[in-house]
Structures are given as structure tokens and as C-alpha cells.
Amino acid sequence: MKEVGFSYLDELNAVQRQAVTALDGPVMVIAGPGSGKTRVLTYRIVHLLNNNVPPYQILALTFTNKAARELKHRIEDVAGGNANKIWAGTFHSLFARILRVEAHRLDYPNDFTIYDTDDSKSLINEIIKTMGLDKKAYNSGAVRSRISSAKSNLITPKMYAVNEEMQSYDRMNRRPMLFKIYEAYVNKCKRAGAMDFDDLLLQMFRLLYQNPDNIRSKYQEQFKYVLVDEFQDTNFLQYEILKLLVIYENSANNICIVGDDAQSIYSFRGATIENILQFTHDFPETQTYKLEQNYRSTEHIVAAANEVINYNKKQIQKKIWTEKDGGQRIKIIKAMTDNEEGRRVADTIVEQKNRFHLSSNEIAILYRTNAQSRVFEEHLRRFNIPYKIYGGLSFYSRKEIKDLIAYMRLSVNEKDDEALKRVINYPKRGIGTSTIEKIRQLADDNEVSMWECLSQIKFSARAATSVGKFVQLIKTCQEKAKTETAYAVAVYISKNSGIVTGFKSEGTIEAQNRVENINALLDGVQEWVEDDVLEEGEEATSKKGLAEFLQTISLMTDQDDSEKEQTEAVTLMSVHAAKGLEYKSVFVVGLEENLFPSYMALSSPEQLDEERRLFYVAITRAEQYLTLTHSNSRYQFGQMRFNDPSRFLEEIPDANVEASISIHRQKDVIGTPKKLQGMFKPLAKTRALAMDPKDFKPNAMKDLKPGMRIIHLKFGEGKIKDIDDRNVATIIFNKLTENPEKRIMLQYAKLQIIE
DNA sequence: GTAGTCACTATTTGA
DNA sequence: TAGTGACTAC
């Protein structure tokens, strides 16, 4: 471990230090906004390591990849190399990792497919259709979320069928057959060797609960220290899993949860605050620490936030305070139209940039719904202010990408019916709906996957050749997938499936874009295959095959991409997306009744409280300048609507608000609209090479010895510090300022000895 | 198999 | 308004 010259404990305030050093037994940390939550979590783990807890005994769970990554990086910064052995990641990714090893005990293949939301919906649609149900009443999205919430509450299809509460709710919504859909859905996923996102949790629960081969104690013994970030966002099922891991005879109950009930904004997704309240009941000896000092915002902002959240009755009492006295008061802008709102926000941004010397990436515009972004885009463009938008269609949800990935999935798991349906006739190869329907019917009757039926059906002569060709294509891919790298198979698919050829013959710009996207995916696969750097937690034995590639991307979203963070631009995003972030200047826009709070929430006090917490999250993102805007009228659903100012505006004390300024008419500034948003965002990160590849002659693995100076194609010069028994070298690259130490897998490494 | 038309709906979003 | 999905007609 890296020597720590200073004591990291000195960087903490009294409460933070207590929360960090109370290592034994259950601990609950209630962390207000800007109170150094991640710092506490980081240092607590570092403190565990310094107290000789082996890193692999630490399980740190987060909700997003981004949070997980940040946590790992910060631990690495303080503790150095050992950090990568910590089990830190999202609930879903870590459980998926465990299930890749244990799934066979639950009668799943270990290389099970992960169905994303689209796969689930399409499967549900198919079930609805075959059951002959009304598509309008049985909206696939609604059905999916019912099933999801059933799973998250450990209600099996059988229990669902006899659960009076669920049943009466469904009858009320004219969906009495939902329990049947649920049953069929579960069976079909199972048959396809597929788990949906909820299954990653549910099957993990089953594994521990049913305890085949006494597997539970294996993980109880492994994870001696459990930490959970954003605990207020956990659902019932997640908490049940945590309890199975932590509660057992003679357990030390070393579980630490960090969260803030006031920032719980995901109840619509099944998160329940009850878990926080329940925690102290389940663990009576819990030590509770409240982090109440806010290091982020100035006094007016903190005061307003405190006042607003007080309107919510049900909450853990705490008083957030700051040492940053005074500062700017909150500015409220009243506009007549949504267009004027956009213009005045852009005006104010220009003004702030000049007066306070803010750079664009210190500014964010936060809205309740993504649809609101357009007006702000238009006006920012007029001023030539660069901006970046979060949300919207991600790279992986593009059709052409999903199609190509479907081929890959099928090559790894032929039972994957969703993938099969996607590509059996894409590109068109003459396998029409009637043929597909025949296959599906037979699969249903025999309760097997569609793939298994392909060889048994007597097709018409024309269909038979088409099906035969398709089967041959997939079989070739399967063979290749066994021996070759993911990149080789991906290239084979793109060349031989006909997808790219089809686009090229189209010749439109649209098609051209799609080809570029596919190329970007291929580049991404190649980069992944050639990447010889071990990520934190990655095993040195990991192969570079298709199955492994699919595993790494199945739980990835490109929401979390670092390129966006570095560009100098104003951020536009929904309030939900802004959670955990901070900006010098924040604009919360569209503060009107029916919009924020949303009209969907007006009827229930619970949902209104959640809207208020959402508003609380929004205003506490601001460090120094907070501007709130509302408009008299705006276009909603294609109609002009008139909304009153939001009730939340009235809840802000006058003392914290800037005296209202008269509305000054502003002449429109005409600027050249500049295209700032590239439609296409390549997956591959381009990194400058350290030297010309032509001059580069990598040495064989056996020649590499510790102490040697080497050159790496990407990272440049470095010194081999150590090579372990798995041929993983620890190399220090002096050019890299952050994390100069990298773990390099020598079997894939491109290293040239220089002395 | 596909293009064109019509009807419908409309938060937030992680993995 | 805008985007999607389903149905119809060729």
C-alpha cells in the first residue's frame, strides 16, 4: 500500500471522522447535500484497508456506473494499487458478476443473456398478442413496470395471482390478466436463458435464500464489510439481499449505509424510504451520524433549501448549515412565454460569464422534463454559447447497434429469442411474418427456444433455403466465437450479415450515419480487445471473447461518458440527472404548477412531497448563483397553456430572494447559429499514440523482467515494477500524472524494452 | 414486403 | 407538436 504521508483523517470534520472510523457494527450516515458524502465513503474504505481489512472483503454498492467509477478512482488516489481488489460497483454489475459464476446452481446457463428494457417490452408485447389481449389496455410499458415492481417486492407469479391488492389494482386498470402475462414472461425469459435487470437482483436473492450447496455462507464470509451508497434509493429486494449477506449467527453486522431521505427522488422506480426507517429496527445497535455541514453552497441557498424541505412532514430531522456567509441572493425571473424564458436565461448566462468570470462548464440549466430543452438550445445557439445535453437516445439504443449486438448475442446464447426475432429477417432474407409465427408457435407448444425449432419445421422450399442460410451464418459465428476474439467475430458479422451492404446501397446520409455508427462500434470492440490495462476489479484471466465483450457492455450506458465532462459547455439536463452534481451557477427553469410540480403528481400528497424533494435536489446543486424561472404561458402538447407560478417558489423565504427587477425588454441578438451538437458520438476514445506504430517492435512476454524500462504504445515510457504469477505487470508510466501505475496483462501487452 | 396514413399519447430514469 | 405504432392498400 502507498505510504500516506499525512493523516487523511485530518481532512475531515468531527462528525465525518466519527463516521469514517466507526468500522465495526452497523452504521448509518445521513448526508445532506454537499456534506462530503463521497469523501466519507472513500476514506472509510481507506481506513478499513489501513486497519488490515483485505480489499476483497469489502463490498461497496452504488447505483450508477458513474458513482462506482468515481468512488474507485478516489480510493485509488488515496490508497493506491490495492483499490482494484475491492468489490466496488453497482448492485447490478456486481451481482451479475457473481451470477456469471453461480447461475448454473439456479438452472440458468452461466453465460446467460441480459435483457434490456426494450427486450423485455418486446417480449411482453409478443405475449399480449398471443394471448389475444387488447393492446391498448395492456400497454407494454405499464405491464413491464408492474412486473418489475412485483419482482422488486418478491411477489412471484403464483403469489401475484392470489394477491388481492395486486389483482384489484389490475382490475381497476382493466388489466385483469396481468398475472398471466407475468407468468408467461418469467417462463419465456427462463427458456431463453435470459435475465432482465430485475432478475439480476432477484436471482441473486434466490441464490442466497435458497442456499444451494450452502453458497450463502461463502458470500457472507467473503463480504465482511458492506457499504451502500444512496441507500434511500434502494428497493425492498435490494435491502432483503443486503440482510441475507449481513445478518447471520455471530455476524459482526458490518454494514454502513449512506444516504439522505430528503434526496429520495426515485420512488416511481420502486425505491422506498421505508428502508432507511426500517434499518434502525433491523439493526438496533446502529450508530447514526448526521453530516449537516454543507461545503458547497452559500448561505442564501442553504437557507432556502432548508425552508423548502421543511414543508415535507415525513423526514429525518436535520439542519444543514454552511460557513459560506452571505453570497448572492436567489434570482427569480418571470417570463411571459417559454420563448422569453429561454432568451432571458441565455441573457443572464452571458451576463454572469462577463461579470463573475464564469466559464461555461460552471453553469447548468435544470428542467423537470426533457422536452423543455429545445427553447434553451435555440437561445444559447444565438449567443454562440456552447452547450451539452444529457439524456436522449444513447449510442447503444440505436437500432443498427442493437441489431449488430443481437447477432453477437445469438452467437453466444442461441436460445436468446429476443435477439433471434430481431435479426432472423434483418436484413431481409425472405423469412416473413408467417414463417416466424410458425416457429414461435412451435417453440411455445414445446416450451423450448425458437432456435431449437428451426431444424424441426417443414418450411416451404423458399423459406427453407432462407432459414438454412441464416442458421449457417449463426453457426459460423458460434464457431468463431469459441476461438477468435470478439473483434474478429464482430467484423465477420458486419461483413456477412448484409447489414452494412444494405446501408451502403441505400446511399442516403442517414444510412451513411448508420454505417459510421457500426464502424464506431467495431472500433470500440477492437479497442476493448486490444486493451491490455486491467480495470479495477477485473480478473487477469479474463478473455477477449465475444461472451466477455457482451458482459461488459450489457450493463453499460453511455450516460456516463467522460468526454462530455471535459468539454467547455453549459450543461442542460433534467433535475433527476443532476443528482450528485454541482455547479457554480444553476438555473432551475419552468417552475410552474402542472410542470414542476408535475401535473401527474398533484393528486397525491406523497408524490407532491417527492416533487418537493426533487426541487430540493435542484436548488442544492448551486454553489454560488441560483436563478429560478417561470413563464406565464408555454406550449405543452401542441397547445398554449397558462400555468400559475409553482408553489415551491412561494415556499422560498423573501429574505433569500433578490428584490424583483423590472422586466427589461431585450432586443433580440442575432448570431450565426452554429452546429454544436454532433449527432454522432463515437464509442471509441481516441488516444494519441506514444510513438509511431511502424517503429514499434514489441518484445515477447518471456523477455520482460521487473526493473526494465519499457515503452508502451499508448502510455509511453515506463518502468516495470513487478510481474505477478498471472503475468500481470505493474508498470509506472511517468508521463501519466494521474494514476501513473497501471496493471498490464502481458499476454496482450504491446511493450518494447528500451534498456 | 413496404410505403403511406391514421390515431393516439404525452414525467422523471438506473442497471 | 412530435413521435410511435398499427393498420391498410398495393
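Letters A, B, ... are given to chains in the order of the sequence lines, protein chains preceding strands, and every chain is numbered from 1. The basis for the numbers below is simple: all heavy atoms, side chains too, and nothing from hydrogens, waters or symmetry mates.
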Item to check | B/S/- contact track for nucleotides 1-10 of chain C, protein heavy atom under 4.0 Å | outcome: B----S----
Checklist entry - Do T117(A) and dA15(B) share a donor-acceptor pair, side chain to base, under 3.5 Å? => result yes
Next on the checklist: Taking 5.5 Å and 30° as the limits, would you call F268(A) and the base of dT13(B) a stacked pair?
Outcome noted: no
Rounded to the nearest angstrom, tell me the gap between atom [atom1] in [X] and atom [atom2] in [N].
| X | N | atom1 | atom2 | value |
| --- | --- | --- | --- | --- |
| H576(A) | dT13(B) | NE2 | P | 7 Å |
| R144(A) | dT13(B) | CZ | C1' | 10 Å |
| Q232(A) | dG14(B) | CD | P | 15 Å |
| F205(A) | dA15(B) | CZ | P | 24 Å |
| K121(A) | dT13(B) | NZ | P | 14 Å |
| H92(A) | dG14(B) | NE2 | P | 12 Å |
| K151(A) | dA15(B) | NZ | C1' | 13 Å |
| I389(A) | dT13(B) | CD1 | P | 13 Å |

Can you tell me if [X] touches the phosphate of [N], counting only side-chain N or O atoms and a distance under 4.0 Å to OP1 or OP2?
| X | N | answer |
| --- | --- | --- |
| N370(A) | dT12(B) | yes |
| N235(A) | dG14(B) | no |
| S574(A) | dT13(B) | yes |

Checklist entry - Does the side chain of E340(A) come under 3.5 Å of the side chain of T337(A) through a donor N or O and an acceptor N or O? => result no
Checklist entry - Does the ring of Y390(A) carry K388(A) above it, NZ/CZ under 6.0 angstrom from centre and within 45° of its axis? => result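 No cation-pi geometry.
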Identify whether any heavy atom of [X] sits under 4.0 Å from a base atom; if not, whether one sits that close to sugar-phosphate; answer base, sugar-phosphate or nothing.
| X | result |
| --- | --- |
| F197(A) | base |
| E611(A) | base |
| S598(A) | base |

Item to check | For the student: nearest non-hydrogen atoms of F236(A) and T272(A), plus distance | outcome: N-CG2, 4.0 Å
Checklist entry - Which atom pair, heavy atoms only, marks the closest approach of V423(A) to F470(A)? => result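 Heavy atoms of V423(A) and F470(A) come nearest at O-CE1, 3.7 Å.
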Checklist entry - Which nucleotide, dT11(B), dG1(B), dA15(B), lies nearest any side-chain atom of Q607(A)? => result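 The listed nucleotide nearest to Q607(A)'s side chain is dT11(B).
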Item to check | Closest to side chain of N65(A), choosing from dA15(B), dG14(B), dT11(B) | outcome: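 Nearest to the side chain of N65(A) among the choices is dA15(B).
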Next on the checklist: For residues 142-153 of chain A, which residue pairs pass the salt bridge (charged side-chain N to carboxylate O under 4.0 Å, His left out) check, not counting sequence neighbours?
Outcome noted: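 Found R146(A)-D170(A), K151(A)-D196(A), K151(A)-D199(A).
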Checklist entry - For residues 259-275 of chain A, which residue pairs qualify under salt bridge (charged side-chain N to carboxylate O under 4.0 Å, His left out), counting only residues two or more places apart or in two chains? => result D260(A)-K318(A), D261(A)-K318(A), E274(A)-K314(A)
Item to check | First of Y599(A) and S93(A) reached from the 5' end of DNA chain B, by closest nucleotide | outcome: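 Nearer the 5' end of the strand: Y599(A).
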Item to check | First encountered from the 5' end of DNA chain B, between I431(A) and V575(A) | outcome: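 Taking each residue's closest nucleotide, the earlier one in sequence belongs to I431(A).
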Checklist entry - Is there a donor-acceptor pair under 3.5 Å between the side chain of S633(A) and the backbone N or O of M336(A)? => result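 Judged by distance alone, yes, a pair lies under 3.5 Å.
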Find every protein N or O atom lying less than 3.5 Å from an N or O atom of nucleotides 2-9 of chain B, and list the pairs.
from: dT2(B); atom 1: OP2; to: K428(A); atom 2: NZ; distance (Å): 2.4

Next on the checklist: So, using salt bridge (Lys or Arg N to Asp or Glu O under 4.0 Å) as the criterion, who are the partners of D644(A) when residues are at least two apart?
Outcome noted: none
Item to check | CZ/R174(A): more than 12 non-hydrogen atoms of other groups inside 6.0 Å | outcome: no
Which donor-acceptor pairs under 3.5 Å do side chains of residues 594-602 of chain A form with protein atoms, sequence neighbours excluded?
from: N594(A); atom 1: ND2; to: N643(A); atom 2: OD1; distance (Å): 3.3
from: S598(A); atom 1: OG; to: M600(A); atom 2: N; distance (Å): 3.0

